[in-house]
Amino acid sequence: MRKSLKSITLAALLFASALPAWSQSTHMPPNLPQRPEGYINLQSSISVGLPYNDGAPVESQIETAQRMIYSLAAKQCELVLSTIASDCKISNLSNNLNSQRLQRDNAQITVTAQITMIVKLK
């Protein structure tokens, strides 16, 4: 009897300790800004590859590639406004940088960007 009472008490304690975890929500909303009524999210991807120059500092080559990506990203809203939208704002921008050696003496720096815009269609 005493052994079963210990088992029941232990089970009750384990169950009670798990209750706070069960009460927490597991749904995580996306980390995107709320879009106003009548607006949509529009996503675009851009990729730029530049040949690697052994004679130039790597940092300056990376900065050049990133500047190109950011410049192209800024022009995405201009393009959307001139074609399908009456309002556009960039809400999210991420980029990835890779270097790749294609052949023995041929390397490349590639920057890829993902752009999310909040757009009101015309």
Side-chain angles (χ1 to χ4, degrees):
M1 172 93 172
R2 189 170 166 106
K3 189 173 187 174
S4 66
L5 184 60
K6 283 184 180 181
S7 297
I8 291 172
T9 304
L10 180 61
L13 286 173
L14 288 173
F15 179 75
S17 67
L19 284 177
W22 284 338
S23 68
Q24 295 175 1
S25 172
T26 58
H27 174 70
M28 297 294 289
N31 193 16
L32 293 175
Q34 294 292 329
R35 56 175 197 252
E37 182 79 24
Y39 283 71
I40 65 167
N41 283 338
L42 181 64
Q43 293 184 329
S44 182
S45 296
I46 301 172
S47 186
V48 173
L50 299 173
Y52 178 74
N53 180 354
D54 283 331
V58 174
E59 295 83 8
S60 67
Q61 294 180 68
I62 291 171
E63 184 178 327
T64 298
Q66 287 177 319
R67 283 183 183 276
M68 290 176 72
I69 282 289
Y70 294 145
S71 177
L72 290 169
K75 291 179 182 176
Q76 291 300 299
C77 266
E78 293 173 20
L79 177 62
V80 169
L81 287 169
S82 71
T83 55
I84 63 170
S86 60
D87 192 17
C88 178
K89 292 180 178 64
I90 294 176
S91 62
N92 195 16
L93 176 65
S94 63
N95 71 63
N96 294 313
L97 180 74
N98 283 318
S99 63
Q100 181 179 17
R101 185 165 299 280
L102 304 173
Q103 295 172 0
R104 185 175 178 198
D105 294 330
N106 188 8
Q108 181 173 339
I109 295 174
T110 303
V111 180
T112 303
Q114 300 292 325
I115 306 157
T116 303
M117 297 166 276
I118 298 175
V119 172
K120 183 172 186 176
L121 299 175
K122 290 182 180 178

Cluster check I46, L50: I/L/V/M/F/W/Y, side chain < 4.5 angstrom: yes

Give the table of side-chain donor-acceptor pairs shorter than 3.5 Å for residues 72-79, with sequence neighbours excluded, one pair per line with atom names and distance.
unit_1 : atom_1 : unit_2 : atom_2 : d
Q76    : OE1    : S44    : OG     : 3.3

Steps toward side chain to side chain contact (heavy atoms under 4.5 Å, CB included) verdict (L93, T116): CA-CA 6 Å; L93 176 65; T116 303; over 6 Å; no

Nearest heavy atoms of P57 and S60, plus distance in Å: O-OG, 2.9 Å

Any donor-acceptor N or O pair under 3.5 Å, side chains N106, Y52: no

Distance, nearest 0.5 Å, that separates OG1 of T112 from CG of L97: 9.0 Å

Side chain proximity check, V111 to N96, heavy atoms < 4.5 angstrom: no

Value rounded to 0.5 Å, distance of CD in Q66 from CD1 in I109: 10.0 Å

Polar contact flag, side-chain donor to acceptor under 3.5 angstrom, S45-Q114: yes

Hphob cluster co-occupancy, I84 + I118, side-chain heavy atoms under 4.5 angstrom: no

Linked, directly or transitively: I90 and V80 (ILVMFWY side chains, under 4.5 Å): yes

Hphob cluster co-occupancy, M117 + L81, side-chain heavy atoms under 4.5 angstrom: no

Single-linkage hydrophobic cluster I115~Y39, side-chain heavy atoms < 4.5 angstrom: no

Pairwise distance NZ(K89) to NZ(K120) - rounded to 0.5 angstrom: 10.5 Å

Audit row: T110, S99, side chain to side chain contact (heavy atoms under 4.5 Å, CB included) steps and yes/no: CA-CA 6 Å; T110 303; S99 63; over 6 Å; no

